*Asks:* 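Sending over a structure as structure tokens; questions will come in a sec.
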There are 2 protein chains.
Amino acid sequence: MSRPKLQDVAARAGVSVTTVSRVLNDRGYLSADIRRRVAEAVAELGYRPNEIARSLIGQKSRLVGLIVPTVADPFFGELASRIEGELASKGYKMLLCDCLENAEREAEYLEMLQANRVDGIITSTHNRNVEGYDRADAPIVAVDRRLGSDIPIIRSDNRTGGRLATGHLIARGSRSAVFITATDHPGNDRAAAYRETMRDHGLDPRVLAYGYSTPMRQRRALIETWLMDNDADGVFASDDLTALMVLEWARKTGRRVPDTLRIVGYDGSRAALLAMPGLTTVRQPIDALGARAAQALIRRIETPDDDRESRLAAEAPLPVELHQGWTS
Amino acid sequence: MSRPKLQDVAARAGVSVTTVSRVLNDRGYLSADIRRRVAEAVAELGYRPNEIARSLIGQKSRLVGLIVPTVADPFFGELASRIEGELASKGYKMLLCDCLENAEREAEYLEMLQANRVDGIITSTHNRNVEGYDRADAPIVAVDRRLGSDIPIIRSDNRTGGRLATGHLIARGSRSAVFITATDHPGNDRAAAYRETMRDHGLDPRVLAYGYSTPMRQRRALIETWLMDNDADGVFASDDLTALMVLEWARKTGRRVPDTLRIVGYDGSRAALLAMPGLTTVRQPIDALGARAAQALIRRIETPDDDRESRLAAEAPLPVELHQGWTS
DNA sequence: CTGAAAGCGCTTACAG
DNA sequence: CTGAAAGCGCTTACAG
């Protein structure tokens with residue numbers, strides 16, 4: 001026999017499908033005898049309710065979509081892991097969408113998720129001008145990204161992070177630190193804090209932006225060329241992978257770290273710090289970011305009304321901290 | 001108005017729901033006029049077919065479950081990313097299940113996936129004795145894991161990988177290399193190849209197994225203690241994160257790498273090599289592993305009959321290669 | 001070429 | 001305390 005359905009259980013237990021459904025959902029009064037008979041039939045048949053049918057009726061799928069650049073990146077991998085864990089603990093499943101810095105893909109995923117009637121969407125990408133977020137009808141929560149005035153943003157304190165990193169470099173003797181980031185747009189608080197802090201100390205800020213869609217090899221070449229051509233006694237990289245790339249370049253070219261070149265990264269994912277605990281970096285509270293993103297979304301899903309409050313809570317940035325290694 | 005449904009489109013276009021469905025699915029002959037009217041109604045209403053209803057009818061969900069230890073690990077993150085990409089290109093969605101080295105969680109996920117009527121499951125964890133795989137009724141494909149005689153295994157050539165790494169260490173002058181791995185069970189081909197290669201050169205193999213569920217701090221402590229107490233002029237680590245951990249220990253304790261200590265890792269994920277291109281490691285073809293896993297599963301789903309052939313293809317291990325860095 | 005009706009596997013008022 | 005019937009939003013034979 002193929003998969004048993006409610007009818008089969010009902011027949012076996014000698015009751016109606018209504019009754020079986022009630023036992024399964026523990027609704028209303030059922031005699032102990034009936035409960036037992038149904039339980040037996042379920043066990044004997046190895047019956048498992050079809051969640052798809054349930055979703056169709058309930059008008060909710062307990063499904064959430066997560067859109068990220070790629071979980072191959074340790075930061076997003078860890079974030080995704082944490083979000084999934086929090087969702088699972090609340091009975092939600094998660095559809096993973098790796099959009100690979102591709103705005104078109106992201107728009108398609110957005111469509112797909114809604115066609116699959118997800119209860120909500122968490123998005124954390126850097127693509128600009130993605131079609132569809134404005135007319136989405138599922139609740140959305142963004143991680144470190146501004147999508148629109150009615151979409152809550154979960155993030156950590158980028159401004160403080162930028163200040164910590166830059167201030168630290170200066171305190172360690174750096175006078176000509178450069179900030180390396182993907183894009184240097186107005187909303188980039190880390191860049192703003194870097195500039196501010198440099199100026200506060202009478203130093204000249206320099207920002208190297210390599211662009212999101214630049215393939216890894218070119219990205220590396222670009223950064224190395226810049227470092228060769230421009231004298232810098234400090235590097236503040238907006239992510240750890242880039243910081244480690246610079247560290248390897250320093251080793252290759254004989255720069256002494258931290259004596260002549262101080263390096264500070266950003267993110268502080270478990271994997272990065274496990275691989276290279278010596279890296280000075282600004283640690284984002286990835287666990288808290290993920291948990292809060294999941295919780296904020298669930299709140300929007302389950303109590304659509306107290307939106308304003310939850311949005312306010314969401315906006316307060318989570319604290320970051322400086323992890324001091326030997327690279328600075 | 002809430003979400004429009006087929007009925008609304010039909011009413012607007014002035015046709016029956018049957019006809020709308022047919023236009024949407026491009027089934028049978030439709031007059032150009034009708035096609036146009038329906039298309040207009042769909043556009044005007046912003047109609048999107050409910051995939052849940054479709055799944056219920058079609059008896060297939062185009063949903064696949066992926067069970068991994070955690071995507072926070074760069075290797076599994078990259079694998080998950082690749083699998084998801086391949087699945088998406090074939091019109092499948094992916095439910096992510098991070099089971100965190102927890103066999104109980106894994107069993108629950110297995111239940112959940114089937115209750116949600118996934119068309120298939122890809123699993124890549126190291127838990128032993130997980131309940132439920134034997135009585136699962138969805139097609140399953142395993143990545144680098146033996147689950148049962150009828151479940152195809154996608155993997156790369158662990159035996160060659162183990163030989164390459166060990167042989168390389170010896171060629172670089174190591175006489176007392178240790179192999180560090182999670183568990184040293186009989187199915188561990190890398191361990192077997194390490195032992196074999198050591199013995200072939202008349203050297204004594206030593207294996208340090210830290211256990212999967214050991215928390216990261218203890219794992220590090222355990223490995224560092226072992227390295228302190230036992231003299232080793234080479235380390236072959238079964239994953240890159242562990243290799244990098246050893247490298248950092250060497251730096252801290254003043255060991256000269258590679259002169260007095262040679263280090264070789266395993267996996268070669270993009271993230272690891274980006275962060276530390278200097279690490280000598282055995283590169284697994286993660287892209288190919290992911291793509292093949294997804295393809296093998298889709299084949300099992302869509303043509304359940306030619307199983308035997310696809311299983312054979314799946315069994316042939318994919319080639320690995322040694323990436324030579326400066327750590328050896 | 002188009003439509004009315006049955007059905008996918010469940011849940012939920014509504015009766016009794 | 002339990003059951004018959006309607007319905008979730010679609011697709012698919014079956015008529016016409």
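We use all heavy atoms of the structure for the numbers below, so side chains are in, but hydrogens, waters and symmetry mates are not. Proteins come first, then strands; the chains are lettered A, B, ... in the order of their sequence lines, and each starts at number 1. Everything numeric in this text was worked out from a predicted model, so none of it was measured.
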*Asks:* Give the intermediate values and the outcome of side-chain contact (heavy atoms from CB on, under 4.5 Å) for residues A:I122 and A:I67.
*Replies:* CA-CA 6 Å; A:I122 297 176; A:I67 304 181; over 6 Å; no
*Asks:* Assess whether a salt bridge exists between A:E78 and A:R82, defined as any Lys/Arg side-chain N lying under 4.0 Å from an Asp/Glu carboxylate O.
*Replies:* no
*Asks:* Please tell me whether B:S124 and B:R145 have a donor and an acceptor in their side chains that are separated by less than 3.5 angstrom.
*Replies:*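 No.
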*Asks:* Quick one: do A:Y47 and A:D8 satisfy side-chain contact (heavy atoms from CB on, under 4.5 Å)? Show the steps, please.
*Replies:* CA-CA 9 Å; A:Y47 172 75; A:D8 303 315; over 6 Å; no
*Asks:* May I ask you to say whether A:D119 pairs ionically with A:R62, meaning some side-chain N is under 4.0 Å from a carboxylate O?
*Replies:* no
*Asks:* Could you write out DNA chain C as dot-bracket? Rules: Watson-Crick or G-U wobble, both distances under 3.5 Å, brackets [ ] for crossings, | for pairs with another strand, dot for unpaired.
*Replies:* |||.||||||||.|||
*Asks:* If the sugar-phosphate is the primed atoms plus P, OP1 and OP2 and the base is the rest, what is the B/S/- string for nucleotides 2-12 of chain C, using protein heavy atoms under 4.0 Å?
*Replies:* BBBB-BBBBBB
*Asks:* Charged N to carboxylate O below 4.0 Å: is that the case for A:R48 and B:E111?
*Replies:*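 Yes, charged N to carboxylate O under 4.0 Å.
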*Asks:* Can we say B:R54 and B:E51 salt-bridge, meaning some charged N sits less than 4.0 Å from an Asp/Glu carboxylate O?
*Replies:* yes
